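First the structure, in the form of structure tokens, and then the observations on it.
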4 protein chains.
Amino acid sequence: MGSSFGKLFRIHTYGESHGPALGVIVDGCPAGLEIDETFIQSELDRRKPGQSKITTQRQEGDTFEILSGVFEGKSTGTPISILIRNQDQRSKDYSHIADKYRPSHADYTFQEKYGHRDYRGGGRSSARETAARVAAGAIAKLFLKHHGVSAQAYVSQVGALKLDKPYTELDLSKTEDNIVRCPDATVAEQMIELIDETRKNRDTIGGIVTGVIKGTPVGLGEPVFDKLHAELGKAMLSINAVKGFEYGSGFEGVKLNGSDHNDAFYKDGDKVKTRTNLSGGIQGGISNGEDIYFNVAFKPVATIMKDQESVNEAGESITVSGKGRHDPCVVPRAVPIVDAMAALVIADYLLISRSNRL
Amino acid sequence: MGSSFGKLFRIHTYGESHGPALGVIVDGCPAGLEIDETFIQSELDRRKPGQSKITTQRQEGDTFEILSGVFEGKSTGTPISILIRNQDQRSKDYSHIADKYRPSHADYTFQEKYGHRDYRGGGRSSARETAARVAAGAIAKLFLKHHGVSAQAYVSQVGALKLDKPYTELDLSKTEDNIVRCPDATVAEQMIELIDETRKNRDTIGGIVTGVIKGTPVGLGEPVFDKLHAELGKAMLSINAVKGFEYGSGFEGVKLNGSDHNDAFYKDGDKVKTRTNLSGGIQGGISNGEDIYFNVAFKPVATIMKDQESVNEAGESITVSGKGRHDPCVVPRAVPIVDAMAALVIADYLLISRSNRL
Amino acid sequence: MGSSFGKLFRIHTYGESHGPALGVIVDGCPAGLEIDETFIQSELDRRKPGQSKITTQRQEGDTFEILSGVFEGKSTGTPISILIRNQDQRSKDYSHIADKYRPSHADYTFQEKYGHRDYRGGGRSSARETAARVAAGAIAKLFLKHHGVSAQAYVSQVGALKLDKPYTELDLSKTEDNIVRCPDATVAEQMIELIDETRKNRDTIGGIVTGVIKGTPVGLGEPVFDKLHAELGKAMLSINAVKGFEYGSGFEGVKLNGSDHNDAFYKDGDKVKTRTNLSGGIQGGISNGEDIYFNVAFKPVATIMKDQESVNEAGESITVSGKGRHDPCVVPRAVPIVDAMAALVIADYLLISRSNRL
Amino acid sequence: MGSSFGKLFRIHTYGESHGPALGVIVDGCPAGLEIDETFIQSELDRRKPGQSKITTQRQEGDTFEILSGVFEGKSTGTPISILIRNQDQRSKDYSHIADKYRPSHADYTFQEKYGHRDYRGGGRSSARETAARVAAGAIAKLFLKHHGVSAQAYVSQVGALKLDKPYTELDLSKTEDNIVRCPDATVAEQMIELIDETRKNRDTIGGIVTGVIKGTPVGLGEPVFDKLHAELGKAMLSINAVKGFEYGSGFEGVKLNGSDHNDAFYKDGDKVKTRTNLSGGIQGGISNGEDIYFNVAFKPVATIMKDQESVNEAGESITVSGKGRHDPCVVPRAVPIVDAMAALVIADYLLISRSNRL
């Protein structure tokens, strides 16, 4: 259970960190969509390990193979299966923790839940599974592009270092210009320095990724439980290491009065617009045509290069020593995962909305 | 679409603010559970309008009738249908806004989505639908009680006024002792005063509800997309006026280093425990047996007693004037909704977890 | 579990034979559909007990109340909740079988499955639940009518007495002209006589209902598991007392050679048609625009007025004596259930098909 | 849509007849199950083409690779992904029918539904997809074996040639002793001869596969829409070329009186048994512990070696000539597909039933 996402534009993923392969089936992509394989690869490249000094040194080409659902370059409406083989598994790296519970990892919970687990690199709980999300997200983005919608993300905070500008004052096209994926070059430099320092200190640090979705038509989102932001929130919270989600005015908004928080409607040509956008583009769980924006909080990576107190499967007190490869800060590589998940949610709700009216 | 929640312990709700009735079907409650109707009523009473000077003056008895699924006081395993009739509808209150889009309400998005809407009191977008959630949540709580699990919530912030103690330093049994539902009597007084002032000012204000789940067994939550906190987050974000969700260390946790954030494991008798609980009781999306705690951010209620700029269905500029009854601050009445939704999520995952092993 | 049907045009039912009420939520009916309440009542009247000498003498008005989802006579796109109160419950009729397992009823299986059951009239296993299906089916039929699709059914066999004409040689508008619902008046008379004789003999008898769906557009049905006829089959097999389903050439078709069975395509104006229709309007699980037709086999009703060997909950040998009210043959009243379920399937697949293409 | 089956023991398949590969994800197999790869291969071998003179001459090794979800020989509870590469695709065989609609195939319906299709060998509509079902079914059978349940099937009819014994009078262990998979050696010979004759006549013929499930515990199946036989029926009807499904007394049962059809209960030691089993092991949609048995009707294969009238995409009248490789009768190779699907249904309902009681 739990490896499927979406209702009509639906994905099913599989794969362990150190197994033979990862992959995803995209079931529900409408027929006739041009599947640009170069684009899919470029998206996987944004997420792949070993990109820079501030990411893990594991080396994975993350090349993929489409096994079904595409014919003569176009989607056929049948399941699109994408396969990504693991290469640099180094399973022996992990034998030393086979029966140890690494603090704040999923070792203990998986063991208790299933009674049997692939301990190598965290198995299914490893963030390596997000490669499959990014591949599927690339298909969703192609679909969204066809409908004039874009899903973007960038790093807005590392540790306590915060980019103090709203997205509206940033040039998001510059996000990919630096290795930390912050569109403000000056703050980006500071973030990189902070992460590098943390890495040298054999430690890790958290951060925030901000997502922005533009071009969404009015009417996406289903009342009550499947509100657009509820599904978006679930999508983000399902990403490894995420501890919080907020959209629009978010947690800061609780301090405001209604008279300051409400977004006045006005007519702009023949379009209904709002003068402010504290709603974050969603009202009553349904998109209102304004930009959708949100923040996703990532905790510091649990793998650190320091000794830590813990227990093992036998229940004995042990020390877990830092080994293996890891990201000192997850947010730079989380950016393509956040925008991929956002694209998947919007693609799904676009299809669902086709049933709204007679 | 969108009016169902849960996979095995599953609910389906219906009903508009000013229609004849609201209700819910609970499908999947195991057979043999004693259905304590007094308890269900007491839960509905916690949520119902007209409780105090700081809540809306709409009067609803919120009495309910069980139509199916219970025989000789016990659940039969078949769908439990609960009906709550609306009483104090006062539909004429709303005729003046029949074709007007109230700022930051769902009037505009519903109209664009469906082309036809029940404008009375917001129709299906009204928070009145949460009565059905609370009734279903009461069933879930009875099921959880049987398994030694409790789901509680309280108000931890109103506007900028914050209760600066973690839940571990509070006596949650005092939550219901005051009308704002804050377990700290002193802060509660200040909150009540702030809300009352806001009300007199014909305005509204936001706040935060904190949830605490105790007694959860190890192993609840499904890897990848259906992580326990992802579903919990979706449940909370689906509640009217919610703008954000965080659990464990949350947004503050991003500032920490991994060495400070990791929760060391130790053995306490024959139980594995963690020395700290920044994980919030969930690791890799799966409960680890520690307390689960989280915050839910509510924006200020959109209905204010002031004139606001807007447009109508015809696209003309109009002024929306404040009329009708409303809550000046939603959080006191949101408490039973938050704990109801938490109970529903845990009940569902308890059943799902029965499939984990051979 | 198990009380929901459909994916986008989705229904959730509840209710026991002798509880306070039955009902259904239709979630996913597109907005803007005129909800003709007179039509819904006429459909319920076709199914209700006590219609004629060949049906059960239980008296139920089967009047209904719409609780939500309809405003100013039209669907709003939100859940439509329909309530049908039970009236003539006569629970005491059933006290004599409280702990007895009636042969070929669900008493034993419910007891073993749940450990606790509403034994009155079979509780949830009673065919009384089909009233909710018929109410929901009426909504689906209104939706289909809007799309030029009709779903009809009629009795084609009672016991060994078979109407030996294909539907194409019958005038289906005459189906409702007689109490057995067979469009051939002569055969209808014979069927009525056979059922009445069976009833006088304190026994019951089986039969076949044939369904015909006209006007379906090309392209309904999803490849592999959700083929149109697979879902249609499941819908029919879920009706009480059904033992078999076949469509198109059905079980007889197995005797043919491919050269006799294949339906040649030809062009009729600008439409692609088939010269024969052994495919039953479905090819590869997808509608091809021809009529869809199928047969549904109903076993003889298990309640008979004769003494039968059985056991009770305590495991003692007992005799079950015939009491209570029952149908001597279920097929006349099954007709509106079959066409209701057919309408629900087609309505659902119509909505699903909106996602096929870009 | 449509490539997923099951609720808790859930599968997702993909792959076209002439694409790079087929495959399946089994999501929901409980952890700790020994995954016997030799058994999986033996199941695939039962279904693979080219087995004998009465099956298609396409050559496929149908070897598989497990990509995830298994560690140290046991299931981990995470998705099990199984990959089967296509080998003998011979795509050029099909270029001559690229724009032609073969009678009673899915060419026309796929083209109209999606506007774009992989015409090679029927693409996704080819029965080649059933390899993925068989692989998944093998996992389900391993799970069932652990619970003492078996799912078997055999050929009981080819054309009009019928094996006139109930399964209770047959030795099902002899099913695999001949190439037609009929446990009665004499009738098997006649069936083989009939199929071979049909093949020589460049034609095809239909048949019936009978399924038998033994060892099912009491209580599987969910009331109302998800009755055990309804899901079983859907599973069977989803198999290529299936036109009908019946269980227990089936279509013949409609001729009986209730007094002959009812299965009397009696006590056998401490077990409740039925003297007859016209119910087919299922009462009220729930298994009663008796054997479950059913028939599945397969039409003659649509690919014949004769000229047929048809139209092409441009709407022109054409002649479709027989080419390519095909089965003259599908039932011998359908046997492992039928028992695989039966195993998947029972595995799923076993898991679901764990939620029945407190």
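Numbered from 1 within each chain, the chains take letters A, B, ... in sequence-line order. All of these numbers come straight from a predicted model, not from anything done at the bench.
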Tell me, side chain or backbone of N295(C) under 4.5 Å from chain D's heavy atoms, or both, or neither? both
Side chain from CB out, backbone as N, CA, C, O: work out which of these in K271(C) comes under 4.5 Å of a heavy atom of chain D, or both, or neither. neither
Given heavy-atom pairs under 4.5 angstrom as the criterion, report whether the side chain, backbone, both or neither of T274(C) touches chain D. neither
Check whether S310(C) gets within reach of chain D through its side chain, its backbone, both or neither, counting any heavy atom under 4.5 Å. both
Can a side-chain donor-acceptor contact be found between S259(D) and D203(C) if the only test is distance below 3.5 angstrom? yes
What part of Q308(C) lies closer than 4.5 angstrom to a heavy atom of chain D: side chain, backbone, both or neither? side chain
Interchain contact, V242(C) with chain D, by part (heavy-atom threshold 4.5 Å): backbone
So for S317(C), is it side chain, backbone, both, or neither that comes closer than 4.5 Å to the heavy atoms of chain D? neither
Per-residue contact mode, V272(D) against chain C (heavy atom under 4.5 angstrom): both
Cut-off 3.5 Å, side chains only: do S3(C) and H12(C) have a donor facing an acceptor? no
Output the option from G315(C), G253(C), S125(C) having the highest count of non-hydrogen pairs under 4.5 Å with chain D. G315(C)
Whatever's closer than 4.5 Å to a heavy atom in chain D on K227(C) counts as side chain
Which bit of M341(C) comes within less than 4.5 Å of chain D, counting heavy atoms only: side chain, backbone, both or neither? side chain
Should the pair F245(D) and F294(D) be assigned to parallel (<30°), tilted (30 to 60°) or perpendicular (>60°) ring geometry? tilted
Charged N-O contact under 4.0 Å between E129(C) and R124(C): no
Just checking, any donor-acceptor pair under 3.5 angstrom between side chains of R133(D) and S238(D)? yes
Under 4.5 Å to a heavy atom of chain D? For I318(C) that would be neither
Going by atom types alone, do K113(D) and N356(C) pair a side-chain donor with an acceptor below 3.5 Å? yes
Do the side chains of I282(D) and N288(D) get nearer than 4.5 Å, heavy atoms only? no
Just say parallel, tilted or perpendicular for the rings of Y101(D) and Y108(D), cut-offs at 30° and 60°. perpendicular
Okay, H105(C) and chain D: the region with an atom under 4.5 Å from a heavy atom over there is backbone
